[in-house]
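A quick write-up on the structure given underneath.
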Protein chains: 2
Amino acid sequence: MMGTAEEVCASSCTVDYVQAGLRVLEGRWKLVIVSHLFRNSLLRFSELERLIPGITQKMLIQQLRALEADGVVERIAHPVVPPHVEYRLTPDGLGLEGALIALDDWARTRHQPA
Amino acid sequence: MMGTAEEVCASSCTVDYVQAGLRVLEGRWKLVIVSHLFRNSLLRFSELERLIPGITQKMLIQQLRALEADGVVERIAHPVVPPHVEYRLTPDGLGLEGALIALDDWARTRHQPA
DNA sequence: CCGTATCCTCTCTGATACTG
DNA sequence: CAGTATCAGAGAGGATACGG
């Protein structure tokens with residue numbers, strides 16, 4: 001009933017799920033976006049744009065939409081003129097912290113074997 | 001213009017490091033390869049090829065080389081004819097397990113909110 | 001057995017211009 | 001302000017054939 005692969009890592013960790021997790025954060029910008037939302041909890045489109053030098057509007061909206069579709073980010077549009085839209089992490093998105101810390105630890109320790 | 005990023009997630013987790021960690025496992029095959037090496041600890045090229053349906057020799061060697069360059073897997077070539085080459089996780093590669101489990105937990109719980 | 005070498009396609013990324 | 005539309009380049013991924 002589960003996915004296609006019964007691939008398993010050491011203990012009981014399914015490749016399909018890990019791959020899904022990785023996919024959510026894949027690419028050049030998603031992690032940067034998410035990290036800003038971790039720190040600020042509520043950001044407007046233009047604020048994200050300013051906080052992330054080098055990103056284009058196209059890439060920003062594209063990645064935000066992907067994160068939204070994955071249930072990581074929530075889009076809050078206020079019906080005013082001019083438009084006012086805010087983004088924040090969903091509860092589910094906040095749950096990513098453990099995985100991010102684990103990856104951080106791993107990548108960090110290999111450069112500081114001490 | 002990828003800054004040296006002092007981007008930080010909730011507590012003290014650096015974007016650069018997390019991104020490095022993600023990059024190591026990125027793509028369609030690396031995770032599958034690593035998971036097989038987690039379970040079998042020592043596999044020949046041809047064994048991996050057989051264990052991973054659909055992968056081409058090019059992709060297999062390409063991903064193995066990338067993982068090797070990242071210090072995650074080790075290539076052991078026995079100087080015999082015909083060639084005999086084995087792959088296994090490095091101690092560093094084994095350290096990925098925590099991150100994989102964290103990602104797995106996250107991806108798994110969002111599909112089973114119960 | 002363990003790879004290389006080509007060639008081709010498709011996705012990702014980005015620059016630029018425009019709009020409700 | 002918060003997006004869309006278009007076009008183009010680079011690279012990841014893959015099919016197939018060949019080589020030590």
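Quick note on labels: first sequence line is chain A, next is B, and so on, each numbered from 1. Predicted model, so just to flag it, every value in this text is computed and none were measured.
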From [atom1] of [X] over to [atom2] of [N], roughly how many Å is that when rounded to an integer?
X       : N      : atom1 : atom2 : value
B:Gln62 : C:dA5  : CD    : C1'   : 13 Å
B:Gln57 : C:dA5  : CD    : P     : 14 Å
A:Trp29 : C:dT13 : CH2   : P     : 10 Å
B:Phe45 : D:dG20 : CZ    : C1'   : 15 Å
A:Leu43 : D:dC1  : CG    : P     : 15 Å
B:Ile55 : C:dC2  : CD1   : P     : 14 Å
B:Glu49 : C:dT4  : CD    : C1'   : 14 Å
A:Met59 : D:dA8  : CE    : P     : 19 Å

Measure from the side chain of [X], starting at C-beta and using heavy atoms only, and say which of [options] lies closest.
X       : options               : value
A:Thr56 : D:dG13, D:dG3, C:dA15 : C:dA15
A:Pro82 : C:dC1, D:dC1, D:dA2   : D:dC1
B:Ile61 : D:dA2, D:dT4, C:dG3   : C:dG3

Item checked: Contact nearer the 5' end of DNA chain C, comparing B:Arg44 with B:Arg65 ->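 In this pair, the answer is B:Arg44.
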Check: Hey, any chance A:Leu89 and A:Trp29 share a hydrophobic cluster, counting ILVMFWY side chains that come within less than 4.5 Å of each other, even indirectly?
Finding: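 They do share one cluster, since a chain of ILVMFWY contacts under 4.5 Å joins A:Leu89 to A:Trp29.
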Note to self: I need the B:Leu100 CG to B:Glu97 CD distance, nearest 0.5 Å.
What the structure shows: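 Nearest 0.5 Å value for the CG-CD distance: 7.5 Å.
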Notebook entry, point to check: Just by distance, do the side chain of B:Trp106 and the backbone of A:Asp92 share a donor-acceptor pair under 3.5 Å?
Noted result: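 Between the backbone of A:Asp92 and the side chain of B:Trp106 there is a qualifying donor-acceptor contact (under 3.5 Å).
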Notebook entry, point to check: Is a side-chain N or O of B:Asp104 found less than 3.5 angstrom from the main chain of A:Thr14, in a donor-acceptor match?
Noted result: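 Yes; at least one donor-acceptor contact below 3.5 Å.
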Next item on the list: Determine: side-chain N/O of A:Tyr87 to OP1/OP2 of D:dG3, distance under 4.0 Å, yes or no.
Entry: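 It does, given that an N or O in the side chain of A:Tyr87 lies less than 4.0 Å from OP1 or OP2 of D:dG3.
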Checklist line | Residue-phosphate contact under 4.0 Å: A:Ser46 side-chain N/O, D:dA2 OP1/OP2 | finding: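 Yes, because at least one side-chain N or O of A:Ser46 sits under 4.0 Å from OP1 or OP2 of D:dA2.
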Next item on the list: Evaluate the ring planes of B:His78 and B:His84, with Trp represented by its six-membered ring, and classify them as parallel (under 30°), tilted (30 to 60°) or perpendicular (over 60°).
Entry: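 If you compare the ring of B:His78 with that of B:His84, the planes turn out perpendicular.
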